Amino acid sequence: MNKLIIKDICKTYPNGVKALDNLNLELENGLFGLLGPNGAGKSSFMRTLATLQEADSGSAMLNEIDIFKTPTELRKVLGYLPQEFGVYPRITAEQLLDHMAILKGITNKKQRKEEVDYLLNKVNLYEKRKHSVKKFSGGMKQRVGIAQALIGTPKLIIVDEPTAGLDPGERNRFYNLLADVGEEVIVILSTHIVEDVKELCTKMAIMNSGKITYQGTPKNAIDELEGKVYQKIIGRKELEDYASKHSIISNKMVGGKPLIHVYSETEIGDGFEAVRPDLEDVFFSQINTNFQIV
Ligand code: ADP
């Protein structure tokens, strides 16, 4: 069992933005969802763990490896799929993986070919191995990205916003692949898409303004809101009025009209109906402090 222990990590950028505000987390094998809106600090956190940038203070231990003190040790057991996975023009999937395997220190050519073939099969791209990655669809590129992150049997895999821009079919294929990967290693899935976490993760944290505001299972988070979420379709001009009277969690358009979810400890009447909360309610109620409208 792998263990990642993160203690008191802080980072303020030179422009004064406090991107990481005293982060503490303990993770074990499995898929861990780090959910937060854009600007929450997820990428800063992921880049810090991947040793691409330094924290101002705090520590991170992966098993016996002190990540900040011995970054080269970490890199040997890290698989990282960054938010922007750039590829060289005209390189084929096979060449790209071979190149990444060299960078990972697999110098034996035969061993490298075996590993690359295995990974191409695993991400279901073996048939397309001689094709240029540049011409791949978004989903196929992300599968190449996962294949390169798996080179050299890593212990920690970080995937940063991997499903943004994928269509529903591609997203599903990517979910299946991640679920398959996540048993023997620690996988951190950083995302602003609630569905990613809902579909895949048994453990999660919610991050907002550089802080972890919730850590636990999606189920517990939902249970805490049980019986406290109500919904109503209202007129478009009524939104402000409702916001002044109720704690609005979220507001989305349904058939051209706002459907609002509100938080209340007691029954509200006034045409509201009780709904079973889901992870989206948890997410929006966490990130809208004071339950303001998104
Ligand atoms: P997320 O990945 O959750 O969208 P980021 O880590 O990209 O969040 O950004 C967190 C905050 O830090 C944002 O306010 C962003 O503008 C700021 N930020 C990110 N990178 C830098 C940087 N290199 N210099 C200054 N500010 C940055």
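As the structure is a computational prediction, the values presented were derived from the model and not from experiment.
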Give the C-alpha distance, both sets of side-chain angles, the deciding distance and a yes or no for salt bridge (charged side-chain N to carboxylate O under 4.0 Å, His left out) between Glu161 and Lys42.
-> CA-CA 9 Å; Glu161 299 276 1; Lys42 304 181 299 299; 3.5 Å; yes
Audit row: Asp281, Tyr263, side-chain hydrogen bond (donor to acceptor under 3.5 Å, both in side chains) steps and yes/no = CA-CA 9 Å; Asp281 293 308; Tyr263 177 91; over 6 Å; no
Take Ser190 and Asp160 through the side-chain hydrogen bond (donor to acceptor under 3.5 Å, both in side chains) test and state the conclusion after the steps.
-> CA-CA 5 Å; Ser190 149; Asp160 197 357; 2.9 Å; yes
Tyr126/Glu94 under side-chain hydrogen bond (donor to acceptor under 3.5 Å, both in side chains): CA gap, chis, key distance, verdict | CA-CA 8 Å; Tyr126 189 78; Glu94 189 175 44; 5.9 Å; no
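Nearest heavy atoms, Tyr13 versus Gln53: OH-NE2, 3.0 Å. Taking each heavy atom of Val185 and Ile157 in turn, the nearest pair found is CG2-CD1, 4.0 Å. Residues Asn208 and Gln286 approach most closely at ND2-O, 4.3 Å, considering heavy atoms. Contact between Gly138 and Glu170 at its shortest, heavy atoms only, is N-OE2, 3.8 Å. Nearest heavy atoms, Arg129 versus Thr92: O-CB, 3.4 Å. In terms of heavy atoms, Pro258 sits closest to Met253 at N-SD, 3.8 Å.
Glu199 places no side-chain N or O within donor-acceptor distance of the main-chain N or O of Asp196, the cut-off being under 3.5 Å. The backbone N or O of Leu166 lies less than 3.5 Å from no partner atom in the side chain of Thr163, so there is not a single donor-acceptor pair.
In this structure, a donor-acceptor pair under 3.5 Å is present between the side chains of Arg75 and Thr51.
Between Leu35 and Met207, the closest side-chain pair of non-hydrogen atoms is not below 4.5 Å. Residues Ser285 and Leu225 form a side-chain contact, since some pair of their non-hydrogen atoms from C-beta on lies under 4.5 Å apart. Side chains of Pro218 and Leu279 form a contact here, defined as non-hydrogen atoms less than 4.5 Å apart. The closest side-chain heavy-atom distance from Ile212 to Asn24 is not below 4.5 Å. Inter-residue side-chain proximity for Ile234 and Lys257 is flagged as unmet; no heavy-atom pair is nearer than 4.5 Å. Side-chain contact between Tyr230 and Glu267 is present, with at least one heavy-atom pair separated by less than 4.5 Å. Between Arg143 and Leu177, the closest side-chain pair of non-hydrogen atoms falls below 4.5 Å. At least one side-chain heavy atom of Leu97 sits under 4.5 Å from a side-chain heavy atom of Leu120.
Residues Leu189 and Phe45 are members of separate hydrophobic clusters, defined by side-chain heavy-atom contacts under 4.5 angstrom among Ile, Leu, Val, Met, Phe, Trp and Tyr.
Evaluated for a side-chain contact (heavy atoms from CB on, under 4.5 Å) with Arg112, the options Lys110, Glu114, Lys109 yield exactly one hit, Lys109.
Enclosure of atom CD in Glu226 by more than 12 non-hydrogen atoms of other residues, nucleotides or ligands within 6.0 angstrom is indicated. The number of heavy-atom neighbours closer than 6.0 Å to OH of Tyr118, taken from other residues, nucleotides and ligands shown, is 12 or below. Around atom CD of Glu54, no more than 12 heavy atoms belonging to other residues, nucleotides or ligands sit under 6.0 Å away. Other residues, nucleotides and ligands contribute at most 12 non-hydrogen atoms within 6.0 Å of the NZ atom of Lys211. Other residues, nucleotides and ligands contribute more than 12 heavy atoms inside 6.0 Å of the NZ atom of Lys11.
Distance check, rounded to the nearest 0.5 Å: CG of Leu178 to CG of Leu31 gives 6.0 Å.
Salt-bridge check for Arg171 with Glu195: passed, with a basic side-chain N closer than 4.0 Å to an acidic carboxylate O. A salt bridge does not link Lys113 with Asp98: every distance from a Lys NZ or Arg NE/NH1/NH2 to an Asp or Glu carboxylate oxygen is 4.0 Å or more. Lys219 has a carboxylate O that lies under 4.0 Å from a charged side-chain N of Asp223, or vice versa, which qualifies the two as a salt bridge.
A cation-pi arrangement is present between Lys245 and Tyr242 under the rule of less than 6.0 angstrom and at most 45 degrees off the ring axis. Both cation-pi conditions hold for Lys232 and Phe272: the charged atom is under 6.0 angstrom from the six-membered ring centre and inside a 45 degree cone around its axis.
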